[in-house]
Engineer: 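Starting off with a structure, shown below.
Any value given below was found using the heavy atoms of this structure, including those in side chains, with hydrogens, waters and symmetry copies removed. These figures come from a predicted structure and were not determined experimentally.
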Amino acid sequence: AQSVTQLDSHVSVSEGTPVLLRCNYSSSYSPSLFWYVQHPNKGLQLLLKYTSAATLVKGINGFEAEFKKSETSFHLTKPSAHMSDAAEYFCVVRGSARQLTFGSGTQLTVLP
Amino acid sequence: DTEVTQTPKHLVMGMTNKKSLKCEQHMGHRAMYWYKQKAKKPPELMFVYSYEKLSINESVPSRFSPECPNSSLLNLHLHALQPEDSALYLCASSQASSGNNYEQYFGPGTRLTVT
């Protein structure tokens, strides 16, 4: 069985400051992990993925995530937030069950 | 090209209507998915097609009927829906449904309102 926990339902940052969205996972097998972003009334866009290659994964729009097996974490970071980053972010795990298991989501607000 | 298209963008239907949602991809993907997403919630898997055959049905009511006419197209036929079926319906595709490394690409969704 696999599961994913997003530790914060809401995160608020000021424009130009760092972003940290936290995600812990549970999987019996070596998982694939993803971060997706969803802007209001839009579909989901893949930000980045971890598939057992490098533990530090770089994605689009300046986002990156680090896979830490010892901590079962896959936190998403960005050095400097932009207003356009305001959206819902989903951490997703894909394990032996083949299908995606979504976290509950983190709403990111960027303040001017 | 990593685009999945969905039509219509918005749909309003009565409980006695029959309508269909359409999804299309031209990435050569052999797995396609339907998800339902309620407001402020993550997507919930409804159906999975693998090589044009239905491989997963997540106990979805029969008023939702999926169809995969070919490897690029996925339809969702709707009949006698209830107001609680109002949601954003997302289509996704991936290279295949098995294996660990195949990311899913999502369409923009169809916003369905049942009156």
Engineer: Ignoring hydrogens and angles, tell me if any N or O in the side chain of A/Thr17 forms a donor-acceptor pair with the backbone of A/Ser14 under 3.5 Å.
Structural biologist: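 Yes, A/Thr17 side chain to A/Ser14 backbone: donor-acceptor pair under 3.5 Å.
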Engineer: With a 4.5 angstrom heavy-atom cut-off, which part of B/Gln6 approaches chain A: side chain, backbone, both or neither?
Structural biologist: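 It is neither, since no heavy atom gets under 4.5 Å.
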Engineer: Pairing donors with acceptors under 3.5 angstrom, does anything connect the side chains of B/Ser65 and B/His77?
Structural biologist: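 Distance-only check fails for B/Ser65 and B/His77.
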Engineer: With only heavy atoms counted, which part of A/Leu44 is less than 4.5 Å from chain B, the side chain, the backbone, both or neither?
Structural biologist: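 Both backbone and side chain of A/Leu44 come within 4.5 Å of chain B.
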Engineer: Taking every non-hydrogen pair under 4.5 Å, which of A/Gln45, A/Glu88, A/Gln38 racks up the most with chain B?
Structural biologist: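 Ranked by contacts with chain B, first place is A/Gln38.
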Engineer: Could you give me the CA-CA distance, side-chain angles and deciding distance for A/Glu64 and A/Lys58, then say whether salt bridge (Lys or Arg N to Asp or Glu O under 4.0 Å) is met?
Structural biologist: CA-CA 4 Å; A/Glu64 62 181 39; A/Lys58 293 190 184 298; 2.8 Å; yes
Engineer: Ignoring hydrogens and geometry beyond distance, is a side-chain donor-acceptor pair present between B/Ser72 and B/Glu24 at under 3.5 Å?
Structural biologist: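 No, B/Glu24 and B/Ser72 have no side-chain donor paired with an acceptor closer than 3.5 Å.
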